[in-house]
Number of protein chains: 2
Amino acid sequence: MKKVDIFKKLRSSGLRPTKQRVEIAKFLFEREKTFHFTVESLENQLAKKSTCKFALATIYNTIHAFKKAGHLSEVDVRGKKTYFDTNITNHHHFYDGETSELIDIDSSEVVIQKIPKAPNGKKIKNVEVFINLKN
Amino acid sequence: MKKVDIFKKLRSSGLRPTKQRVEIAKFLFEREKTFHFTVESLENQLAKKSTCKFALATIYNTIHAFKKAGHLSEVDVRGKKTYFDTNITNHHHFYDGETSELIDIDSSEVVIQKIPKAPNGKKIKNVEVFINLKN
DNA sequence: TTTTTACTTTAGAATTATTATAAACTAAAT
DNA sequence: ATTTAGTTTATAATAATTCTAAAGTAAAAA
Ligand SMILES: [Mn+2]
Ligand SMILES: [Mn+2]
Ligand SMILES: [Zn+2]
Ligand SMILES: [Zn+2]
């Protein structure tokens, strides 16, 4: 992902390309594979990788803007912290409660044969399959 | 559900049948259908229905004991509050983001044809299907 | 290029859900 | 009845997140 694309991600999220935001965007999107993170893990990794400082509020503001713009998705995991996902395709998850680790499952790996129809007046927005793991 | 059964639920959760706990157990389990709740909603409804007072800590302690004993389950919902469920069978959920309402889906209503195998050394504990609704 | 404007970063305070504490209270055992 | 172990409660503490407002910076205007 080129600098131009990073700038596009920011601009399309309504954000000026500041030092902090560019660093965050590069950390999130300049990689081969998508990944899952919490704000806490992101903060720690940014602190290591980057020279500049990041206020927590800046991290929260930036990822919320990315989420609103559709560049990040959120995953529901039992627990207190919110998990974010740079994989914004429709997909599913394994969740390893031992390690608190999320693993992606491509949509094509899950085939649902039967599903109930949505209640009166409602439509199905999407279907999420969550597979809990044990040892 | 009889008083005897309420007492059993409490005792099997390692809890003495005190006034508050009996009230909570009756509110949760003495009904035809199962339901979903947050601690906040439970607190509000107990305050209306019951004469005695409930400290928040008592409510938390009691539902945690019920959960540990398998009399309650927890549902992952996007958001900050924890949702509990008096339906402890394996089942799935519709979630209406507009109303923050959870609706049960019986296991038999969902048939999964294909699912990936668990990663190395891990086994599948359970599969949760979460259907987001829109208008 | 300077000036102006609007947006951004930041440290710290506030908020919210939840958990911990410890003193006063109560069920159960003796 | 007395003792013991468990319970309730108000309150404090914690943890994740959001808010605030002052100081800083990017972009627009002059
Ligand atoms: Mn939880
Ligand atoms: Mn969540
Ligand atoms: Zn994912
Ligand atoms: Zn349910």
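The structure presented is a predicted model; accordingly, all values stated were derived computationally and were not measured. All values below were derived from every heavy atom in this structure, side-chain atoms included, with hydrogens, water molecules and symmetry-related copies excluded. Each chain gets a letter, A, B and so on, in the order its sequence line appears, and its residues count up from 1.
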Residues within residues 54-69 of chain B bordering DNA chain C, heavy-atom distance below 4.0 Å:
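Hits under 4.0 Å, by residue number: L56(B), A57(B), Y60(B), H64(B).
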Proximity to DNA chain C (any heavy atom under 4.0 Å), residues of residues 36-47 of chain B only:
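Output list: empty, so none.
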Is K19(B) touching bases, backbone alone, or none of the nucleic acid, heavy atoms closer than 4.0 Å?
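If one applies the 4.0 Å heavy-atom cut-off, K19(B) turns out to touch nothing in the nucleic acid.
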Without swapping roles, check the side chain of [X] against the backbone of [Y] for a donor-acceptor pair under 3.5 Å.
X	Y	value
T34(A)	T86(A)	no
R21(A)	L15(A)	no
Q45(B)	S41(B)	yes

[X]: side chain to side chain donor-acceptor pair (under 3.5 Å) partners, not counting sequence neighbours:
X	answer
D106(B)	S108(B)
S50(B)	E23(B)
S12(A)	H71(A)
E43(B)	none

Measuring from N87(A):CG to L72(A):CG, what's the distance to the nearest 0.5 Å?
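Nearest 0.5 Å value for the CG-CG distance: 10.5 Å.
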Taking the hydrophobic residues Ile, Leu, Val, Met, Phe, Trp and Tyr, and joining any pair whose side-chain heavy atoms are under 4.5 Å apart, which ones share a cluster with V111(A)?
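Grouped by the 4.5 Å side-chain rule, V111(A) forms a cluster of one, so the answer is none.
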Could you list all N or O pairs between the protein and nucleotides 27-30 of chain D that sit under 3.5 Å apart?
| residue | atom | partner | partner atom | Å |
| --- | --- | --- | --- | --- |
| dA27(D) | OP1 | R11(A) | NH2 | 3.4 |

Would you say a side-chain N or O of [X] is under 4.0 Å from OP1 or OP2 of [N]?
X	N	result
T18(B)	dG6(D)	no
R21(B)	dA27(C)	no
Q20(B)	dT9(D)	yes
T82(A)	dA16(D)	no

Would you kindly give the [atom1]-to-[atom2] distance between [X] and [N], to the nearest whole Å?
X	N	atom1	atom2	value
R78(B)	dA16(D)	CZ	C1'	17 Å
L15(A)	dA6(C)	CG	C1'	14 Å
E74(B)	dT18(C)	CD	C1'	12 Å
K53(B)	dC25(C)	NZ	C1'	17 Å

Validation: residues 61-68 of chain A side-chain donor-acceptor distances under 3.5 Å, sequence neighbours left out:
| residue | atom | partner | partner atom | Å |
| --- | --- | --- | --- | --- |
| N61(A) | ND2 | A57(A) | O | 3.2 |
| T62(A) | OG1 | T58(A) | O | 2.7 |
| H64(A) | ND1 | Y60(A) | O | 3.3 |
| K67(A) | NZ | E74(A) | OE1 | 2.5 |

Distances for protein N/O vs nucleotides 14-16 of chain C N/O pairs under 3.5 angstrom?
none

With sequence neighbours excluded, residues passing ring pair (Phe, Tyr, Trp, His ring centres under 6.0 Å) with F37(A):
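Per chain and number, F37(A) pairs via ring pair (Phe, Tyr, Trp, His ring centres under 6.0 Å) with F35(A), F84(A).
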Test L28(A) against L42(A) for side chain to side chain contact (heavy atoms under 4.5 Å, CB included), laying out the working first.
CA-CA 9 Å; L28(A) 294 178; L42(A) 179 57; 4.0 Å; yes
May I have the list of side-chain donor-acceptor pairs in residues 92-99 of chain B shorter than 3.5 Å, sequence neighbours left out?
| residue | atom | partner | partner atom | Å |
| --- | --- | --- | --- | --- |
| H92(B) | ND1 | V129(B) | N | 2.9 |
| H93(B) | NE2 | H36(B) | NE2 | 3.2 |
| H93(B) | NE2 | D85(B) | OD2 | 3.1 |
| H93(B) | NE2 | H91(B) | NE2 | 3.0 |
| H93(B) | NE2 | D104(B) | OD1 | 3.0 |
| D96(B) | OD1 | E98(B) | N | 3.0 |
| D96(B) | OD2 | K122(A) | NZ | 2.7 |
| D96(B) | OD2 | T99(B) | OG1 | 3.4 |
| T99(B) | OG1 | E101(B) | N | 3.4 |

Taking for each residue the nucleotide of DNA chain C with the nearest heavy atom, is it G14(A) or F84(B) whose nucleotide lies nearer the 5' end?
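Closer to the 5' end of DNA chain C: G14(A).
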Test item: P17(B) and I6(B) side chains (from C-beta on) under 4.5 Å apart, heavy atoms
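SC-SC contact between P17(B) and I6(B) ruled out.
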